[in-house]
Amino acid sequence: MRAWAAGAFAVAILFAASAGAALTEGGRLRAVYDTILDAQFDRVDAQLKQTCPPAPGEACQTLGVVALWWQILINPESRLLDRRFADAAAAAILANTGWTSREPQRAEAWFYLAGSYAPLVQWHVLRRERLTAAREGSQIKTALERALQLDPALNDAYFGIGLYHYYADVAPAAAKFLRWLLLLPGGDRVKGLQEMLQARERGELLRGEADYQLHLVYLWYEQKPRQALDLLEILEARYPSNPLFLQRIAEVESEYFQDHPASAAGWQTLLDRARGSRVWDAPLAEVRARLGLASELDAMYESDRAIEELKRVVELKPIAPFAARTQLQLGTAYDRLGQRDLAAAAYVTAVALASDDDPLRIRERARSGLRQRPDVRVAEAYRLSLDGWRALERGAHEDARRLLTRAVMLAPEDSVARYRYARALEADGDRANARAQLEKVIAARPIPPAVVLADAYVAYAQLLERAGERARAITMYREAARLVGGVPRARDQAKRALERLSTSSTFFDFFFRLCLTSCASRP
């Protein structure tokens, strides 16, 4: 579904030409487009009135549709804007079709006709109306080809053509069947990507849209998540009021890099902006941010804090899809802690709240949670390790050691519990046993999660350093510094330690050489 969503027919909005064939009032239109991407939708109507005239009225109609589409894209679960959007898109298509009839030799008119179809096609894809999307997508291709015939210097138009060429090559079988059904020619993955990059570099107005579309290409087909993340970070810096870009950053950090601390930091930033009303639709952004943060906290073995975030979401009374997802996540977190009655109640509520179409399969997953009871021993060990960890954070060392000892006895294979037990031993002054436990964590197979392993490397390195085993300590610090997915604190501690040890090494080497020189010069 997601491959189709960015497929041959879900092309970017195309609004600009090269400097040699600039759009009428391109600067004004670019300012409106930036306002849309920054999700400052309450400013768009006034800005459009100031732009058209002198810019063509058809251009502003198209931009108005784009503004509605981006609001839907930010909140795809809601259908409140669907009727208004469909009517506006139809009116823009009619207006631009009339423009091409009046001025068939004007490339700009064909360019805007393609742009008026583009958001409508993406909307049809979102609402699973694939055949309609394919049929109308062919209109985009035809209009762009005509625009480029009239003016080959329309660099932004190459992005839409490039998207078609790319996805027509990599599309799944169902999409290729529709392409054949509509008598559309085949694609070219390499050429398509080159055309998209050409438009991104040389186009006048399309860079933001191109960055967003290209990040999907890099994730789904090119296997270049780092480049995708770079593009999202550019978008987030340029358009901080749009919550979608920061949301995507957090999702990519988690799904593609398994960097849960980085993802949690992204969700926390979005939460802070939402609570400060610095993003569009702040109440919705807060719900999304808390759900995302809860998911990452659970992945970092902090289910108690995840539950706190989820309870806050319940208090916000979100719309049905988010309410159901909240209950599903609550059920999962309660089950991890062995609180089966609370988990079952949450699953039942999730089933009741799930929407009819249920795109996230919440109803199915909640029923699965009701059927599958968790391992009581594993759940109890997890709860004890978390309680012991919280006791250690409070400075209650005796309670921490007692709870974590029981956790390790119940689940000796649990590296997270063993790491926490080692830290309790160290806090209690038992460094020898702490070191032995950390060695077991580092040597464990399967490899412990990065969020724990990085801290284990640092803690072990510090013990080695105190014991005078400098070379081994450096090795452990290096492992912690290079590990992706560890908490930033561990990475920073490792880097500072390496700098300190490197400086001290240089200092002692200098005096050692000085001593040798001095001794050798004596009679």
Side-chain angles (χ1 to χ4, degrees), residues 1-7 10 37 39 70-78 122 125-126 208-274 279-282 284-300 302 305-306 309-310 313 318-319 321-322 324-326 328-329 332-333 359-362 365 449-451 484-488:
M1 180 62 189
R2 68 179 187 180
W4 185 270
L37 288 178
W70 270 91
Q71 291 178 65
I72 293 172
L73 191 59
I74 290 171
N75 185 14
E77 295 84 2
S78 173
Q122 296 184 75
V125 171
L126 177 67
E209 186 78 37
D211 283 349
Y212 185 75
Q213 296 288 343
L214 280 167
H215 105 270
L216 299 173
V217 168
Y218 286 144
L219 287 178
W220 297 344
Y221 298 108
E222 295 298 310
Q223 286 77 52
K224 295 180 179 179
R226 183 66 256 176
Q227 285 89 326
L229 195 56
D230 289 343
L231 291 177
L232 288 169
E233 288 172 350
I234 290 171
L235 288 167
E236 193 277 322
R238 191 183 303 155
Y239 307 115
S241 297
N242 191 330
L244 182 59
F245 302 134
L246 195 50
Q247 173 188 328
R248 290 295 297 135
I249 288 172
E251 290 169 346
V252 170
E253 291 280 18
S254 179
E255 294 171 19
Y256 289 85
F257 294 95
Q258 289 74 53
D259 193 341
H260 300 296
S263 180
W267 289 119
Q268 184 63 57
T269 300
L270 180 56
L271 177 58
D272 293 341
R273 289 183 189 174
V279 291
W280 174 256
D281 200 346
L284 174 63
E286 180 177 354
V287 168
R288 286 191 188 278
R290 289 194 185 279
L291 285 172
L293 182 57
S295 179
E296 297 310 309
L297 287 169
D298 203 33
M300 293 189 292
E302 298 195 44
R305 289 179 179 167
E309 293 296 335
L310 294 169
V313 175
I319 61 175
F322 298 105
R325 178 182 162 188
T326 302
L328 177 63
Q329 288 186 224
T332 302
L360 297 178
R361 300 185 299 107
I362 289 174
R365 292 155 64 191
V451 70
V484 175
V487 294

Roughly how far, to the nearest 0.5 Å, is [atom2] of [Y] from [atom1] of [X]?
X	Y	atom1	atom2	answer
Q227	L232	CD	CG	12.0 Å
N242	E236	CG	CD	9.5 Å
D211	L235	CG	CG	5.0 Å
Y218	Q213	OH	CD	13.0 Å
L291	T326	CG	OG1	4.0 Å
I249	H215	CD1	NE2	9.5 Å

Less than 4.5 Å apart, any side-chain heavy atom of [X] and any of [Y]?
X	Y	answer
D298	Q329	no
I74	Q71	no
L216	R248	yes
L246	R288	no
V313	P318	yes
E251	W267	yes
F257	L229	yes
E77	L284	no

Checking ring-ring contact (aromatic ring centres under 6.0 Å, His included) between W70 and each of W280, Y239, Y212, which is the one that passes? Y212

Quick check: closest heavy atoms across [X] and [Y], and the distance to 0.1 Å?
X	Y	result
P488	P261	CD-CB, 3.9 Å
L293	L271	CD2-CD2, 4.4 Å
R365	L360	NH1-O, 2.9 Å
L270	P243	CD1-CB, 3.8 Å

Are any side-chain N or O atoms of [X] and backbone N or O atoms of [Y], one a donor and one an acceptor, separated by less than 3.5 Å?
X	Y	value
E255	E253	no
R273	A285	no
D259	V484	no

SB check E286 R290 (cutoff 4.0 Å): yes

Show your reasoning for whether side chain to side chain donor-acceptor pair (under 3.5 Å) applies to E296 and S254. CA-CA 8 Å; E296 297 310 309; S254 179; 3.0 Å; yes

